[in-house]
Amino acid sequence: MTSALLTIQNLTVRFGGLVALDDVSLDIAPRSIQAVIGPNGAGKSTLINVATGIYGATSGRVDYDGARIDGRAPHAISRLGIARTFQNTELFGEMSALENVMIGADRHMCGSYLSSAMHGPAYWRTEQAIRAEARRLLELVGLGNDTDVEAAALPFGKQRRLEIARALATRPRLLLLDEPAAGLRSAEIDELNSILLDLRANLGLTILVIDHVMALVMAISDHITVLNFGRKIAEGSPQEVRSSPEVIKAYLGEKAAHASHS
Amino acid sequence: MTVRLLFGAVVLVIFFAAPHFLAEFQLFQVCLIAATALVVLGIVVVTGIAGQISLAQAAFVGLGGYGPAILAARYGVPVWAGIMITAVVVGAVGYALGQLTLRVSGHYLALATMAFTAIVQLAFIHSDAVTGGAVGMQMPTLEISGKTFASGGTLYYVVLPVVGVLFLAVHNLIHSPVGRAFAAIRQSETAAAAMGIDVLAHKSAAFAASGFLGAIGGGLLGLLSTYLDPSQFGITQAVYYLAVAVVGGMQSPLGAIVGSAVFVLVPEFLQAFQTYLGLVFALLLLVFIVLRPNGLVSLASDLLRIVGGKQQRGAA
Ligand SMILES: Nc1ncnc2c1ncn2[C@@H]1O[C@H](COP(=O)(O)OP(=O)(O)O)[C@@H](O)[C@H]1O
Ligand SMILES: [Mg+2]
């Protein structure tokens, strides 16, 4: 067995009396595309928020590439190579699409404060490199014609793709996408699927996709984990998960579960 | 590149020509505008760009004046060296103040920085032995290699270059990864952190910059007024600097210059209304917050867009 890139062990997260995640364990193999699905409030976003340092774990732990990361600062986790998108998009709204992506790339190329204050030749070289990188990533997600548009002015579907480009600019190994398909039309979902498959093939990325319906993830996931009320109720290949009575029950209610048995 | 060189040449010509056309008092006012603009530039960085409301600027200005005055009076440090040493120390104080943002933000940050200004002012007033207490103290005259700079006409050649260089440096920083990180933090701290930006370190750096700029500005203002009066470094003055930034435009260094020009020159035109000056400024502040939150600078860019739009239509 190859060792996992991200390991979540017995993770429990409580908000006061509310148990958002209850003893959840999960392994993400390198270069895999995995999905976490579940109804609203199942704890999916909480899972990503713990893995990216926004929330702490009440108990249990998260390890990335052999080191424990839960409880570390979000920027430190980003620098380890974990990038994410947000369920309700968190773009830098007043900046252009290009600038949004440049911010992700800055850390890899920026020079010293002194060269930034002087704007010497070295500064212009790196600035050009950052710009070129950002433009390339925007083209990759199909936003090549929107580079100068203010992020807040983009339609929702494009904002989601901009978030993916911005996340990629940090040069991650692991990409966590929180409901990237929500609000997209089915043609857009197909586009997104092919982008994700390309990313794995070309950059060797490992990808965790969250969704509350199965539409997106069925087609591209190697492995699916199903959460309901903070607990893991099923996991396996898309086929296994689709036929699991627990899952049908969670999604369609008791009646459908009985119907599928009879 | 040629555009930059041309712009630089024009600026130099104006700089050397101005003293031949302006009276001594007018040169003094130009210096006053420049020094005030430098103070307000600190607010542009920390509040306008990085989004951290600060009412600490008056304290930074006060420290920037008292520092070199005390260093000169007690230890015989030349004033120019005193101003530089003090600015570095006040920058460090700003950095420490920025660490507060780990615990407080928004309105509470405004209150915390206001408390800082109040405390520093109290320290000026109650350290009689060092600062002269409520009476204040004399700002020593600037001397550089035997030459004294005491009038508007002579200080002009010191104040303008210093302010010019610092404005250029800040302008460059704003248009670099550092400035982009500040702006990112203003727009979404969560996303900025997810991009690998150390939010706390950058907020502290922004406060450090505002402290440094405020202190240099304070030193220059001290040289111009020749006297340090502790009543000039209180909360009212902190609000005044914030108002200058709001009226000029928070988001760009140019706004600091425009705002400072308005606030230095308007009182000249309104001599008759001296008693109501506070009221005039308060109204100005209100009007701008409600109608033009991006300040006078945005008025200029809107006008340019309208004119540009007309031209395009004319061409079509
Ligand atoms: N910061 C928070 N404070 C309190 N409760 C929270 C917080 N974040 C999430 N929750 C709660 O935890 C549960 C799981 O939320 P979430 O992870 O967002 O679910 P999902 O993403 O699967 O829809 C929900 O009941 C939600 O209200
Ligand atoms: Mg969610």
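A note on names: the letters A, B, ... follow the listed sequences, proteins ahead of strands, and every chain is numbered from 1.
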Just say parallel, tilted or perpendicular for the rings of A:Tyr123 and A:His119, cut-offs at 30° and 60°.
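Rings of A:Tyr123 and A:His119: parallel, as their planes differ by under 30°.
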Under a 4.5 Å heavy-atom cutoff, which of A:Glu99, A:Glu127, A:Arg84, A:Met118 has the most pairs with chain B?
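Looking at each of A:Glu99, A:Glu127, A:Arg84, A:Met118 in turn, A:Glu127 comes out on top.
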For each of A:His75, A:Met95, A:Met102, A:Glu163, tally heavy-atom pairs with chain B at distances under 4.5 Å, and name the one with the top tally.
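Answer, by heavy-atom pair count under 4.5 Å with chain B: A:His75.
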Is the number of heavy atoms from other residues, nucleotides or ligands within 6.0 Å of CG (A:Asn145) greater than 12?
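Counting neighbours around CG of A:Asn145, 12 or fewer heavy atoms of other residues, nucleotides or ligands fall under 6.0 Å, so no.
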Kindly state whether the ring of B:Phe60 and the ring of B:Phe212 have centres lying under 6.0 angstrom apart.
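No, they do not, as the ring centres are separated by 6.0 Å or more.
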Could you check which of B:Leu173, B:Ile174, B:Leu168, B:Asp198 has the highest count of heavy-atom pairs closer than 4.5 Å to chain A?
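Heavy-atom pairs under 4.5 Å are most numerous for B:Asp198.
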Proximity breakdown for A:Thr170 and chain B, heavy-atom pairs closer than 4.5 Å:
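It is the side chain, since no backbone atom gets that close.
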Heavy-atom distances under 4.5 Å only: say whether A:Ile54 touches chain B with side chain, backbone, both or neither.
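The side chain, not the backbone.
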Which bit of B:Ala183 is near chain A, if near means a heavy-atom gap under 4.5 Å: side chain, backbone, both or neither?
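Both backbone and side chain of B:Ala183 come within 4.5 Å of chain A.
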Establish, for the pair B:Arg186 and A:Phe92, whether the NZ or CZ atom is under 6.0 angstrom from the six-membered ring centre and no further than 45 degrees off its axis.
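No, B:Arg186 and A:Phe92 do not form such a contact.
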Hey, are the side chains of B:Val61 and B:Tyr241 touching, using non-hydrogen atoms and a 4.5 Å cut-off?
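Of all side-chain heavy-atom pairs linking B:Tyr241 with B:Val61, at least one is under 4.5 Å.
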